[in-house]
Structure formats: C-alpha cells, structure tokens
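Hydrogens, waters and symmetry mates are skipped; everything else that's a heavy atom, side chains included, is used. Since this is a predicted model, take the numbers as computed values, not measurements. The first residue in the sequence is number 1, and the count goes up from there.
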Amino acid sequence: MTQPLTPRAMDFLMELSINNERPWFQEHREEFETLLHRPFKELAGETCSIMAKGFPGCGFGLHVSRIYRDARRLFGRGPYHDHLWFSLQREDCRNTGPMLWFEFGLSGTSHGLGYWDRSAEQAAAFRKKIDSDPKRFEELLLAVPDRDKSRLWGDEYKRPKGHYNDILDPWYNRKQASIGYDDYFGEDLFTDRLPQLLSDSFSGLVPLYHYMMEAAELELKE
C-alpha cells in the first residue's frame, strides 16, 4: 500500500462521531479523503486483487461502503457512519450469496465470512446442507484457522431447529450466521502488510465460503 491506514484515521472517526453534521464534515472533507477514504479504498482494492489471483474460480467482486448513512434510516442519528467496510462477493449473487468482509471503525476492526441478511429460505437450505452430511461441516469448522480467536455473529432462533453437538448447534440454530475475528491484526493494522495479512486470513475461510455457496446452490465458476 502506498498509504496505509494510521491511528489518525481512528482519531478522525472519533471527531466525526462528536461532530456528526454536514457543515463539520464539509469543512474536514480533505482530512477524510487523506486519512480514511483513499487508504481504505486502496486496502480494499489490493486485498481484492490478491484474492482474485489466489482464487480465480470464486469470481470475487469488490464493494466498498460509503461514509454516508441512508437518509431514509437516520432515526435521529447523524448523517455519517463511524466505520467503513468492504466486501468480496460474486457480483451476480450479491443479494443471495455469502461474502467476505472487513470493517474498520471507531469500535475497532472485524473481518470474516457470512451473510448480511440471510433469508428464511436460505437458512433452511443451509440446515438441509448440514443434515446431508453433518460430519463434513464439522470438519470444515474445526479446520478454520485460529478458531479459538473467532466468534459467531447472528441472531438465534427462539426455538432451536435441531440438535447435533456443541460445534454444529450454534450454526444450525441461527437466523443469520457469520464467522470472523475482532481486532485481529494488532500493530500490523497500520502497515502496508495489511492487504496480504487480510488475504491470508480470508484464504483460511475459503473452504467454508465454498460450502456456503453449495448450500445456496450457487455454482462456482471455473
């Protein structure tokens, strides 16, 4: 990266959270571009390039978030987010397939694999996939790198859908399911090594990504 993220990017987000209004943002737009927007887009682009070369069959496309909140959903909040994120996902299934993501924000960083908004039909298809061969899915989960550092996101069903064991049940009984890591990179977060380190971590989740694609009946491209 020609311009890695720096701790000053976090400082900017803190100031933005305190002054979350358009006049302040317009006055500090160049700081946003220099400290946050350009370095983050460069990080996203380099990471996508590495992943596309390493896994051409996945057909990863890149989506980078905007700092602006949806004006229809402010609900009394200011017009700007306190974080940015990007995702790697096949363009022809952005609304139906899994994605890899990285988020950089005031509360820290996270990255991982999953869905932003999985439908009930997708969740049912995922459970059906597990039912067909529970052992295979368990082996994939046990092979996740740094599994002890990972966590599972997503709302659970009020009434469990079934029971296998302590490894499978947290996945089987969630409406949404994403696995990932918080504040994973330490001091390397602010170095030009981050795109490669992030890609290395994403690579360890690709077998699980393939499984999610199969569950959604989305074929991988050759």
Side-chain angles (χ1 to χ4, degrees), residues 1-48 51 60-91 93-119 150-155 175-192 194-195 197-199 201-202 205:
M1 295 177 67
T2 58
Q3 185 183 354
L5 291 161
T6 71
R8 289 181 61 200
M10 290 289 191
D11 294 339
F12 178 86
L13 288 173
M14 174 62 76
E15 293 177 17
L16 177 60
S17 71
I18 297 170
N19 303 281
N20 201 322
E21 54 188 21
R22 191 171 186 277
W24 186 91
F25 185 81
Q26 291 298 102
E27 183 179 345
H28 296 82
R29 176 177 288 276
E30 186 52 41
E31 290 179 69
F32 166 69
E33 292 291 336
T34 301
L35 295 175
L36 195 58
H37 190 219
R38 285 197 289 266
F40 192 79
K41 285 188 68 176
E42 187 175 351
L43 166 64
E46 288 197 22
T47 303
C48 183
M51 292 298 293
F60 288 127
L62 174 64
H63 175 71
V64 182
S65 71
R66 291 159 52 91
I67 194 68
Y68 308 99
R69 295 186 189 276
D70 187 336
R72 300 167 298 177
R73 296 178 173 85
L74 294 182
F75 305 119
R77 299 172 297 185
Y80 305 102
H81 290 293
D82 63 3
H83 61 277
L84 290 175
W85 57 267
F86 70 81
S87 62
L88 304 180
Q89 186 180 32
R90 217 170 70 188
E91 291 292 341
C93 57
R94 278 185 57 185
N95 296 323
T96 55
M99 66 181 71
L100 296 161
W101 89 87
F102 173 78
E103 182 176 298
F104 178 93
L106 190 57
S107 60
T109 69
S110 67
H111 72 282
L113 165 68
Y115 296 83
W116 289 127
D117 189 17
R118 186 169 68 172
S119 68
S150 70
R151 73 179 178 101
L152 193 59
W153 283 269
D155 294 335
K175 298 177 183 178
Q176 310 293 335
S178 298
I179 187 172
Y181 311 87
D182 294 312
D183 299 320
Y184 185 77
F185 298 104
E187 294 180 358
D188 285 316
L189 177 65
F190 300 115
T191 71
D192 59 6
L194 184 57
L197 294 173
L198 181 55
S199 299
S201 186
F202 279 158
L205 296 174

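- Interatomic distance, Phe102 CZ to Leu100 CG, rounded to the nearest 0.5 Å: 13.0 Å.
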**Request:** Using the side chain to side chain donor-acceptor pair (under 3.5 Å) rule, take Glu187 and Thr191 through it: C-alpha gap first, then chi angles, then the decisive distance, then the call.
**Result:** CA-CA 8 Å; Glu187 294 180 358; Thr191 71; over 6 Å; no
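- Here the straight-line distance linking atom NE2 of His81 with atom CG of Leu106 works out to 13.5 Å at 0.5 Å rounding.
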**Prompt:** Going through the distances and angles, do Ser107 and His83 end up as a side chain to side chain donor-acceptor pair (under 3.5 Å)?
**Reply:** CA-CA 8 Å; Ser107 60; His83 61 277; over 6 Å; no
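- Two residues are said to be in side-chain contact when any heavy atoms from C-beta on lie closer than 4.5 Å; Phe25 and Asn19 fail this criterion.
- Across Leu197 and Asp188, no two heavy atoms sit closer than the pair CD1-CB, 3.5 Å.
- Separating the CE atom in Met51 from the CG atom in Leu62 is a distance of 12.0 Å, to the nearest 0.5 Å.
- With a 4.5 Å cut-off on side-chain heavy atoms, Phe32 and Leu16 do not count as touching.
- Aromatic ring centres of Tyr184 and His111: separated by under 6.0 Å.
- Asp192 approaches Pro4 most closely through the heavy-atom pair N-CG, 3.8 Å.
- When every heavy atom of Cys48 is checked against every heavy atom of Gly61, the shortest pair comes out as SG-C, 4.4 Å.
- For Ser87 against Met99, the heavy-atom pair with the smallest separation is CB-SD, 3.6 Å.
- Between the Asp183 side chain and the Thr109 main chain, a donor and an acceptor come within less than 3.5 Å of each other.
- Note on ring orientation: taking the six-membered ring where Trp is involved, the planes of Phe202 and Phe86 are perpendicular (angle over 60°, cut-offs 30° and 60°).
- Remark: side-chain polar atoms of Arg118 are paired, donor with acceptor, to backbone N or O of Lys175 under 3.5 angstrom.
- Not a single donor-acceptor pair under 3.5 Å links the side chain of Thr34 to the backbone N or O of Glu31.
- Crowding of Arg38 atom CZ: a count of heavy atoms from other residues, nucleotides or ligands under 6.0 Å exceeding 12.
- Across Pro195 and Thr47, no two heavy atoms sit closer than the pair CA-OG1, 3.6 Å.
- Between Trp85 and His63, the ring planes are tilted. Angles from 30° to 60° get that label.
- Using a 4.5 Å heavy-atom threshold, the side chains of Val64 and Leu84 count as separate.
- Within a 6.0 Å radius of CZ in Arg22, no more than 12 heavy atoms belonging to other residues, nucleotides or ligands are found.
- Using a 4.5 Å cut-off on side-chain heavy atoms (C-beta onward), Leu5 and Leu36 make contact.
- Annotation: side chain of His28 is in contact with side chain of Phe12 (closest heavy-atom distance under 4.5 Å).
- A distance of 11.0 Å separates CG of Leu194 from CD of Glu42, quoted to the nearest 0.5 Å.
- Considering only heavy atoms from C-beta on, Asn20 comes within 4.5 Å of Pro79 through its side chain.
- A distance of 14.0 Å separates CG of Asp82 from CD of Glu15, quoted to the nearest 0.5 Å.
- Inter-residue side-chain proximity for Tyr181 and Ser110 is flagged as unmet; no heavy-atom pair is nearer than 4.5 Å.
- Using a 4.5 Å heavy-atom cutoff, the side chains of Met10 and Phe104 are in contact.
- In this structure, CH2 in Trp153 is found 14.0 Å from CD in Gln176, a value given to the nearest 0.5 Å.
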